[in-house]
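The structure appears right after this line, and notes come after that.
By convention in this document, chain letters (A, B, ...) are assigned in the order of the sequence lines, proteins followed by strands, and residues within each chain are numbered from 1.
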Amino acid sequence: MGDSSLTSRDASGVERVLIAASGPGFEMQPVDAAGAPTGPVRWTADLAATALDLERHDRPRWVWWRTAEVYPVLLEAGVRVERCHDLAAVENLLRTHAGERFTSPQSVAHEPPRGRSRQTSLFDAPADPAQNDEEPGRPQPPAGLAGLRESHASQARRIAGIRPGQPGFPLLVAAESAACLAAVEMGRAGLPWSTRIHDRVLTDLLGPRPQHHGRPRLLQALAEEVSRLLGGTDQQPMNPDSPADVLRAFRRQGVVLETTRAWELKQVDHPAVTSLLRYKELSRLHVAHGWAWQDQWVRAGRFHAEYVPGGVVTGRWATSGGGALQIPKVMRGCVVADPGWVLVAADAGQLEPRILAALSGDRGMIAATADPDLYTALAQQALGRPEARQEAKIGLLAAMYGARANSPAMGALRRRFPQALDLLERAARTGENGGIVRSVLGRTCPPPESSWQDVPPEKALARSRARGRFTRNFVIQASAADWANALVAGLRRRLAAMPSAGSGRAELVFFQHDEVIVHAPATLAEAVVSAVVESGAEATSLVLGERGVHIPLAAAPIASYAEKN
DNA sequence: GCGGTCTGCGCC
DNA sequence: AAAGGGCGCAGACCGC
């Protein structure tokens, strides 16, 4: 398959290849960017060999239904691809843009069994759509190569239709697809995780690993102490895991609580509070990131998560299993580079307010982004005091999240940065009135439920306000996600272009909203730092344009994630 | 016993 | 000091 008849280049020099399972092999066909075939359908029994050959010679944009289903097969065979068009992900983008409701892309692990309609191989459409039990609204895979071709052509038409109003939409499509590739690669590579350090942290905090189920020793001691201080007995111990139990116990002690949330407990003067708060903290570590978690998710020194790009309505990534996006700070020390390797960890400091500056075009706030500590600059400009950093930070975060508190700092910010605060207010009004908002590249929030205001008047107001908070935050969070996907896309491209350094190549191993970790041979450390910084600058330029906004990306080689910040 | 919802808290 | 946006997860809880 060394000849180029399978592919043809489109105007931008990138050819596309549709690929669909067919019997024991795969059908492939070259198409142009508009979706029109530019060559015949070919069949191959050996996908990996064919794909490797094409990837070496033509580097096409692979067009397939869902990256998470086919890319693992290619990676397993040693084939890494440069670019793709993920039809399922793009279908979600197009449908929400057209006003349909959001359906989270399904993780592969949680694919429901399909019984008799089960697919026989990758890309096969379900034998009988009537038997398909997927939730309504979720894009279904088209049948066969012909269906795939039509889906792709349809998407090309719809994207072209969006482009005049949303010039960034093709970039959104490309970045989302690249994110899908990166997600599979990251899940496969895994995050370097020292079970030895993990064991030590757990043992230090909780006591030795219990033989069977049940609480570790120190945790059990804390539970007993809490129970005793709240009037429990050996016969009838109070269960600190049970909110109802805790509320009852406090009430008997004369303390009336609304909830057992930490912030509320902290306001109570009672000897049991300290122990209970400590218990909650440690219990959470035990249940969420304890030995059971390690057994389930860490294999051969790597934490393998399943990442789901676009799994969140705002375009943020989700994970399925393992809670990769919720690793507690106290566990970061478990993330350590292999001997002779480094971690290059980087995060975009204060991403969301910088995004706000760019979206609103507020000159004053854009100027403030030149400061590596944006909040200090804001405090200086709005309040005249750099020491007021914390007030400025809380004020701006409250404005972006929709808190009701209207602090003096927020008022000062509004006077000094009217365009920025006005953008948030307008997004909120739009949402309250049932409208939709979009990210900078065109990712679109779902419409309200058709009957969302069909409730008693006093509830209607609350709902309306809640939706205003959602859309207010959506424009920022979704645009930040646009930026982050562009960062990931650029970084994986640069890392792939790096030479392998004897022991291996630099790999993206972690991504969390605005931060990345690359695991790399130590000799490549500086090159990786440069790649990260360049990718950040590129993302800013591509997604936000040349508006003078700075999004600093602090990247440094470290041995352990605990060294970061 | 099972599945759905609630609660509370980890991360951004 | 107050309790605002987005998630995933585990245990408690509740109804079947």
Side-chain angles (χ1 to χ4, degrees), chain A residues 102 104 107 109-110 213 215 223 239-247 257-267 276-277 279-290 292-293 296-297 305-332 347-353 355-356 390-391 394-410 424 427-428 431 437 439 443 445-446 462 465-481 483-484 510-516 561 565:
Chain A
F102 172 76
S104 176
S107 78
H110 293 170
H213 305 295
R215 299 188 181 107
N239 178 8
D241 288 328
S242 163
D245 241 21
V246 173
L247 291 181
L257 293 167
E258 289 288 316
T259 70
T260 63
R261 288 184 167 85
W263 66 266
E264 194 179 343
L265 287 170
K266 277 175 195 155
Q267 298 170 352
L276 178 55
L277 290 173
Y279 172 83
K280 281 168 163 281
E281 193 182 342
L282 294 181
S283 172
R284 181 167 175 80
L285 272 185
H286 178 234
V287 299
H289 288 91
W293 175 89
Q296 187 173 1
W297 299 106
E306 188 195 352
Y307 295 90
V308 185
V312 175
V313 64
T314 57
R316 276 186 174 180
W317 294 23
T319 56
S320 173
L325 302 182
Q326 287 93 19
I327 298 172
K329 288 189 172 167
V330 66
M331 288 299 178
R332 287 185 177 183
D347 74 332
Q350 306 152 347
L351 176 59
E352 296 193 340
I355 293 284
L356 172 61
Q390 192 64 7
E391 293 162 60
I394 300 292
L396 192 59
L397 289 175
M400 289 192 295
Y401 288 163
R404 207 168 317 154
N406 214 331
S407 65
M410 204 193 290
L424 297 169
V437 295
S439 74
R443 190 185 306 267
C445 83
R465 286 196 172 140
R467 188 150 198 287
R469 290 192 297 273
F470 169 59
T471 50
R472 171 197 292 269
N473 185 251
F474 185 97
V475 293
I476 303 299
Q477 193 182 117
S479 299
W483 181 90
F510 187 65
F511 167 66
Q512 185 185 34
H513 310 314
D514 67 347
E515 94 184 80
V516 291
Y561 192 25
N565 300 338

Length of the line joining A:Gln477:CD and C:dG4:C1', which is rounded to integer Å: 13 Å
Sugar-phosphate only, base, or nothing, as touched by A:Arg467 at under 4.0 Å among non-hydrogen atoms: nothing
A:Glu352 CD to C:dG5 C1', straight-line distance once rounded to whole Å: 8 Å
For atom CD of A:Glu391 and atom C1' of C:dA2, their distance in whole Å: 15 Å
Touch class at under 4.0 angstrom, heavy-atom based, for A:Ile327 against every strand present: sugar-phosphate
A:Asp241 CG to C:dC9 C1', straight-line distance once rounded to whole Å: 14 Å
Phosphate OP1/OP2 of B:dG8: any A:Thr260 side-chain N/O under 4.0 Å: yes
Phosphate-side-chain proximity, A:Arg469 and C:dG4, N/O vs OP1/OP2 below 4.0 Å: no
Distance-only donor-acceptor test (3.5 Å): side chain A:Gln326, base C:dC7: yes
5'-most by nearest nucleotide on DNA chain C - A:Met400 or A:Gln390: A:Gln390
C:dC13 OP1/OP2 closer than 4.0 Å to side-chain N/O of A:Ser242: yes
Touch class at under 4.0 angstrom, heavy-atom based, for A:Gly322 against every strand present: sugar-phosphate
Electrostatic pair A:Lys329-A:Glu281, nearest N-O below 4.0 angstrom: no
Nearest-Å distance for atom pair OH/P, residues A:Tyr307 and B:dC12: 13 Å
Greater than 12 external heavy atoms within 6.0 Å of A:Arg332's CZ: yes
Flag for A:Tyr279-A:Arg284: side-chain donor and acceptor within less than 3.5 Å: no
Sugar-phosphate, base or nothing in reach of A:Ala399, heavy atoms under 4.0 Å: nothing
Touch class at under 4.0 angstrom, heavy-atom based, for A:Ala318 against every strand present: sugar-phosphate
For atom CH2 of A:Trp263 and atom C1' of C:dG4, their distance in whole Å: 13 Å
Whole-Å distance separating the CG atom of A:Asp514 from the P atom of C:dG6: 18 Å
For atom CD of A:Glu264 and atom C1' of B:dG8, their distance in whole Å: 12 Å
C:dG5 pyrimidine/purine six-ring stacking with A:Tyr401, under 5.5 Å and 30°: yes
Closest to side chain of A:Lys280, choosing from C:dG8, B:dC9, C:dG4: B:dC9
Nearest listed nucleotide, side chain of A:Glu515, among B:dG10, B:dC12, C:dG5: B:dC12
Sugar-phosphate, base or nothing in reach of A:Ala262, heavy atoms under 4.0 Å: sugar-phosphate
Intermediate values then yes/no, salt bridge (Lys or Arg N to Asp or Glu O under 4.0 Å), A:Arg472 and A:Glu352: CA-CA 12 Å; A:Arg472 171 197 292 269; A:Glu352 296 193 340; over 6 Å; no
Sugar-phosphate only, base, or nothing, as touched by A:Arg316 at under 4.0 Å among non-hydrogen atoms: base
Sugar-phosphate only, base, or nothing, as touched by A:Gln512 at under 4.0 Å among non-hydrogen atoms: sugar-phosphate
Closest heavy-atom pair and its distance - A:Val475, A:Ser479: O-OG, 2.6 Å
Parallel, tilted or perpendicular, as decided by the 30° and 60° cut-offs, for the rings of A:Phe470 and A:Phe474: perpendicular
Under-3.5 Å donor-acceptor pair between A:Arg261 side chain and B:dC9 base: no
Closest-nucleotide ordering on DNA chain C, the 5'-leading residue of A:Pro243 and A:Asn473: A:Asn473
